[in-house]
Amino acid sequence: MEFSFTAEQEELRKTVRRFLDNESTEQTVRKLMETPSGYDPRVWQRMASELSLVGLAIPEQYGGAGLSAVETGLAMEEMGRALFCGPYLSTAVLASGALLRCASEAAKKRFLPEIASGKTIATLAVAEQPGHLDIAALKTSAKRDGSSYKIDGIKNFVLDGASAGVIFVAAREGGALSLFACDANASGLGREPLPTLDLTRKLGRISFSGASAEKISSADISAPLADTIALATAILAAEQAGGAARCLDMATEYAKTRLQFGRAIGSFQAIKHKCADMLVEVEFARSAAYNAAFAAADSSRDDLAAAADIAKSYCSEAFFHCAAENIQIHGGMGFTWEHPAHLYFKRARASSVIFGDPIEHRDKLAASLGI
Amino acid sequence: MPEHQITEEEVRERVRALLKEAHPDKTDQFTFRGKQFDHGLAWVHFPKGYGGLGISPGMQTIVADELHRNAKTTYDDMAINPIGIGMGAPTVLTHGTEWMKTNLLRRIFTGEDIWCQLFSEPGAGSDVAGLATRAVREGDYWKVNGQKVWTTLAHVSRWGMLLARTNPDAPKHSGMSYFLLDMKSPGVDVRPLYQITGEAEFNEIFLTDVQVPADRIMGKEGEGWKVAITTLMNERTAIGGATARRGGGAIGVLVDLWKSRAPAMYSAAHETVMRDRITRLYIESELLRMTNLRARAARKAGNPGPEGSVAKLAQAELNKRIWECAMDVIGGESLVYEPGFARRRPAANDHPSRLLQAKYQFLRSRANSIEGGTSEVMRNILGERVLGLPGEPRGDKDIPWKNIPRSA
Ligand SMILES: Cc1cc2nc3c(=O)[nH]c(=O)nc-3n(C[C@H](O)[C@H](O)[C@H](O)COP(=O)(O)OP(=O)(O)OC[C@H]3O[C@@H](n4cnc5c(N)ncnc54)[C@H](O)[C@@H]3O)c2cc1C
């Protein structure tokens, strides 16, 4: 198994880190998390045009950089470190992933270049109920209405659901599941921003009451949609690995400089061993996330679903544990609003639920392994 | 003393006699609890005249039970005046002057005077004995300068338990004195500090040329650490030692949430995992409760010892896991935090439903392993003070405090 990064990929990581060091400082994160849309359009535009980050995995013929999930994963790992606030997961991963896997050629040509250029913020609306995500149980319906369609149903926990310009929605026409494009201004569309635990990632609830939409897929999308979600799961795991690594860095730095009893707290084994255990978790998390990204990028591999289950299950718990230990190692300071530890802790908790919690992923993995 | 032979039935009779004189359903908190104090039923293990009967602390559960049977209104000490009742009262009783005992204990119990604990500083948390706030004697007063931090309830407190350095040339533990600080004194500046929940339960305190009358010292000059230990030991028991009803408290909320989950939210396998996890937490909650009951029954009148750290450690770690599990039970809805988790001072009944309570406690419980001494420090105490394992080599104990390296 090929398991290392090329010089170009390492260069990309450095570029993204440098960019985020300037554009996603703690101060910026705190400012953006208090805004409704949760991102800075100017920065998004630069990410799209100067760094080609938004269209990283979009083929060149559709205006993208023609790279793969490996690069997207690297970029997301860095965004996770910096607690980047922006519609990357929704637009660059989910929406463009769904277009590439489920949509007609005409739809790809229409939407992908707009996404890659930073012009369009898009999202994918799938989940309806809290609880585990079961594509076969989706109920949102579509009815033909002249040349377009009318959608009825409710989609919950939609990433950037209240701010995206285009919503790609999975709905059923009779028995078959299809993908529809719904403009944010369509009549019959109700959007409600959800107050979130993790203020750095915005979610919305969308109600479709005869909302007019355009059908953009031909065959049933159940399988490619599942594949899209597996891809996004893998990429989210990379973000979690980045978040966990940042928590470890913060904790280690503090353990070296905070003195109690006349010595650095990191000199106490209770703290030193915590940091060492976090390091093992961060390394495991990276392995899991990289493996899943490689599985998504390599068409000769057929284990993306399993790799994504492994990655999301492990990275969720590793990130949560590292974020919790980071608070603990910072003592009273770590419990304050002023210190960034809680922002990572909340991000960790929330991202462990998105696309299914660890128990759900292990359940799926066990079934696929015949365990 | 015949009081030591007092039976459970006699305690119940005394509670019924109290209820004849004042009933919580018919009178206000201050009046009722004042009478409870006068009847010696505030802290039964305290001496007569100071809110007690001089009997085993285990009998306090009988008082609570009898009150519970006969009245709808019950008061929770930890809600009324957690620091005053949990730590202030035993410290005053053990080390306070006659004036303090006579004038402060009753008002602590009724909740008329809220108390706070001014120990921690930016540079001294786990190592509270390293603190830098200075008190200098000037005639009939001590003049205090310094900064305290994480001071819970200081914004509503009447009295503060203040630990300050009176001799920087002495080794750290022998250069401190313990004062009772009138929080209304000029020079006491209380500013809110916001927490992970958005609330400001605690504060930072700036002390500038604050005058403390010389007779407000507790214990002797230079012996503040001994007094502080009394406060800290009681703090641990107060935090870890609650003996709620079977299946009550945090585990009760978790079980209720689980029972009222939406149907078909999880796969069968998922349900099995969750069920086992919740049951395991139930078992541990029960065992913590029983361990506390056992510790209470065994405790003599007087202050708790280092073994109180068993409950403190167990409670902190268990509580965090219970609320983590509750978030998993809530599932997708746990992503949504109703508005209200914004910066503000806490108020009673902020989080009325079980769902909101779980979301709040998930965040609040992260402090359990920090406040009142961290879990790491509790493990050190259990290892060294209870089990007698050798301590770590220390370079900070026997040199003058002023020569010890410190964080800002
Ligand atoms: C919600 C809340 C309320 C509080 N209320 C009050 C209050 O009312 N009054 C008051 O005085 N204080 C209060 N505190 C302060 C609390 O007592 C301190 O936060 C605590 O003692 C830890 O100190 P610290 O925050 O300085 O962390 P530090 O002592 O700096 O600890 C940092 C980390 O190092 C570890 N560590 C330190 N020493 C050792 C060691 N020897 N061995 C192993 N590990 C070690 C700690 O466990 C922790 O993980 C409160 C704290 C919180 C969170």
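Being a predicted model, the structure only gives us computed values, none of them experimental. Just so we're on the same page: letters track the sequence lines, and every chain starts at 1.
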- Residue B:Lys172 versus chain A: region with a heavy atom under 4.5 Å: side chain
- Quick one: are B:Gln195 and A:Trp337 in side-chain contact, heavy atoms under 4.5 Å? no
- Task: Pull out the residues in residues 324-333 of chain A that come under 4.5 Å of chain B, heavy atom to heavy atom, sorted by number.
- Result: A:Ala324, A:Ile327, A:Gln328, A:Gly331, A:Gly332, A:Met333
- Task: Check whether any side-chain heavy atom of B:Ser334 lies under 4.5 Å from a side-chain heavy atom of A:Val353, and answer yes or no.
- Result: yes
- Whether B:Asp127 side chain and A:Phe261 backbone form a donor-acceptor pair below 3.5 Å: yes
- Do B:Arg364 and A:Phe335 come close enough that some side-chain heavy atom pair is under 4.5 Å? yes
- Task: Could you look at B:Met274 and say if it's the side chain, the backbone, both or neither that has a heavy atom under 4.5 Å from chain A?
- Result: side chain
- Query: If we only count heavy atoms from C-beta on, is the B:Tyr337 to A:Asp198 side-chain gap below 4.5 Å?
  - Reply: no
- Query: Is any side-chain heavy atom of B:Phe202 closer than 4.5 Å to a side-chain heavy atom of A:Thr336?
  - Reply: yes
- Item | Contacting moiety of A:Ser352, where chain B heavy atoms sit under 4.5 Å | neither
- Query: Would a 4.5 Å heavy-atom cut-off, applied to side chains only, mark B:Arg366 and A:His342 as touching?
  - Reply: no
- Query: Under the 3.5 angstrom rule, does the side chain of A:Gln260 hit a backbone N or O of B:Gly125 as a donor-acceptor pair?
  - Reply: yes
- Are B:Glu333 and A:Leu194 close enough that some pair of their side-chain heavy atoms sits under 4.5 Å apart? no
- Within the side chain of A:Lys346, is there an N or O that forms a donor-acceptor pair under 3.5 Å with the backbone of B:Ile196? yes
- Side chain proximity check, B:Phe362 to A:Arg349, heavy atoms < 4.5 angstrom: yes
- Which residue pairs satisfy the ring pair (Phe, Tyr, Trp, His ring centres under 6.0 Å) criterion with at least one member in residues 349-371 of chain A, sequence neighbours excluded? none
